[in-house]
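Note sheet for the following structure.
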Amino acid sequence: MIVRIGGVADAAALAELRDIEAHQVAAFTEWVADHAETYLPFVAEVDGKIIGAAWLLVAERVPGNGSLERRYGDVQSVMVREEHRNQGVGAALMAAILAEARARDLLHVTVHSGRRAVDFYLRNGFSHHRQLLLWEPA
Ligand SMILES: CC(C)(COP(=O)(O)OP(=O)(O)OC[C@H]1O[C@@H](n2cnc3c(N)ncnc32)[C@H](O)[C@@H]1OP(=O)(O)O)[C@@H](O)C(=O)NCCC(=O)NCCS
């Protein structure tokens, strides 16, 4: 298995992992191209087939603290094909994302976990943080 940063050439496989319907794949592909600088898809591949993916949003914070370039990350849409789960693919995707975060000097990386995936993120470098708060519409 290899993990690499994907791109527009992987859009069809990425769309499938997101359950994007066939008639929306072209628009999704356009979205991937338009957001290539900020939404980085990491893909796990076996024999040329994408078996999992995870996205890193690289976003900016307001300049301050002596720096004009303050970026943070947000992990989104982590998905491993069912038949490949529990073999470390998810862990490898997270390791690649956090290596990229370090290389880009991101201030921190957040993730809004699904209910069943909290322990997965805790095991892969994330921790609960009392200063990170969330608002949701009623
Ligand atoms: C969460 C997920 C990405 C983990 O991928 P993976 O390749 O199986 O991950 P790893 O092999 O590195 O780790 C497996 C761990 O994930 C846990 N896991 C398995 N299925 C899971 C599921 N549906 N949801 C959350 N966690 C799950 C397992 O309990 C396992 O923990 P264990 O080692 O204590 O048994 C994968 O299960 C998945 O795609 N789930 C559905 C989508 C999802 O929940 N995504 C995250 C939402 S933010």
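First listed ligand is number 1; within each ligand, the first listed atom is number 1. Given the structure is predicted, the values throughout are model-derived calculations rather than measurements. Keep in mind that the numbers below use all heavy atoms, side chains included, and drop hydrogens, waters and symmetry copies.
- The protein heavy atom nearest to atom 11 (O) of ligand 1 is Gly88 N, 2.7 Å.
- When only interatomic distances are considered, the shortest N/O to N/O separation between Asn86 and ligand 1 falls below 3.5 Å.
- Of the candidates Glu82, Met94, Arg85, Arg115, the one placing a heavy atom closest to atom 40 (N) of ligand 1 is Arg85.
- Residue Tyr121 has no nitrogen or oxygen atom sitting less than 3.5 Å from a nitrogen or oxygen atom of ligand 1, judged on distance alone.
- For ligand 1, the atoms sitting less than 4.0 Å from at least one non-hydrogen atom of Val78 are 3 (C), 42 (C), 43 (C), 45 (N), 46 (C), numbered in the order shown with element in parentheses.
- For the pair Lys49 and Glu45, the salt-bridge criterion is not met [side-chain N within less than 4.0 Å of a carboxylate O].
- Taking the six-membered ring for Trp and thresholds of 30 and 60 degrees, His35 and Trp31 have nearly parallel ring planes, at less than 30 degrees apart.
- Rounded to the nearest 0.5 angstrom, Asp10 CG and Ile5 CD1 are separated by 11.5 Å.
- Under the 4.5 Å side-chain criterion, counting only non-hydrogen atoms from C-beta, Val58 is not in contact with Glu100.
- Protein heavy atoms are absent from the 4.0 Å sphere centred on atom 2 (C) of ligand 1.
- Distance from atom 25 (C) of ligand 1 to its nearest protein heavy atom, with residue and atom name: Arg116 O, 3.0 Å.
- Close approach of ligand 1 to Gln87 is summarised as follows: ligand atoms under 4.0 Å from at least one heavy atom of the residue are 11 (O).
- Between Val80 and ligand 1, an N or O atom pair is found at a separation short of 3.5 Å.
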Name each donor-acceptor pair under 3.5 Å that joins a side chain in residues 61-79 to protein atoms two or more places apart or in another chain, with its distance.
{"from": "Ser67", "atom 1": "OG", "to": "Glu69", "atom 2": "N", "distance (Å)": "3.1"}
{"from": "Ser67", "atom 1": "OG", "to": "Glu69", "atom 2": "O", "distance (Å)": "3.1"}
{"from": "Glu69", "atom 1": "OE1", "to": "Arg71", "atom 2": "NH1", "distance (Å)": "3.3"}
{"from": "Arg70", "atom 1": "NH1", "to": "Val62", "atom 2": "O", "distance (Å)": "2.9"}
{"from": "Asp74", "atom 1": "OD1", "to": "Thr110", "atom 2": "OG1", "distance (Å)": "2.5"}
{"from": "Asp74", "atom 1": "OD2", "to": "Gln76", "atom 2": "NE2", "distance (Å)": "2.9"}
{"from": "Ser77", "atom 1": "OG", "to": "Arg18", "atom 2": "NE", "distance (Å)": "3.4"}
{"from": "Ser77", "atom 1": "OG", "to": "Arg18", "atom 2": "NH1", "distance (Å)": "3.3"}

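- Taking CD of Glu16 as the reference point, atom CZ of Phe28 lies at 11.5 Å (rounded to 0.5 Å).
- In terms of protein heavy-atom proximity, atom 13 (O) of ligand 1 is nearest to Phe120 CD1, 4.0 Å.
- Residue Gly114 approaches ligand 1 through these ligand atoms, each under 4.0 Å from one of its heavy atoms: 47 (C), 48 (S).
- For ligand 1 and Met79, the ligand atoms under 4.0 Å from any heavy atom of the residue are 39 (O), 42 (C).
- Expressed to the nearest 0.5 Å, how far CH2 of Trp55 lies from CG of Leu17 amounts to 10.0 Å.
- Using a 4.0 angstrom heavy-atom cutoff, Arg123 counts as in contact with ligand 1.
- Arg102 CZ to Arg104 CZ: the interatomic distance, rounded to the nearest 0.5 Å, is 14.5 Å.
- Numbered from 1 in the order shown, with element, the atoms of ligand 1 that lie under 4.0 Å from a heavy atom of Ala117 read 25 (C), 46 (C).
- With rounding to the nearest 0.5 Å, the separation of CD in Gln24 from OG1 in Thr29 is 11.5 Å.
- Between Gly90 and ligand 1, at least one pair of N/O atoms sits closer than 3.5 Å.
- Note that the CZ atom of Phe126 and the NE2 atom of His108 stand 10.5 Å from one another [nearest 0.5 Å].
- Numbered from 1 in the order shown, with element, the atoms of ligand 1 that lie under 4.0 Å from a heavy atom of Ala91 read 12 (O).
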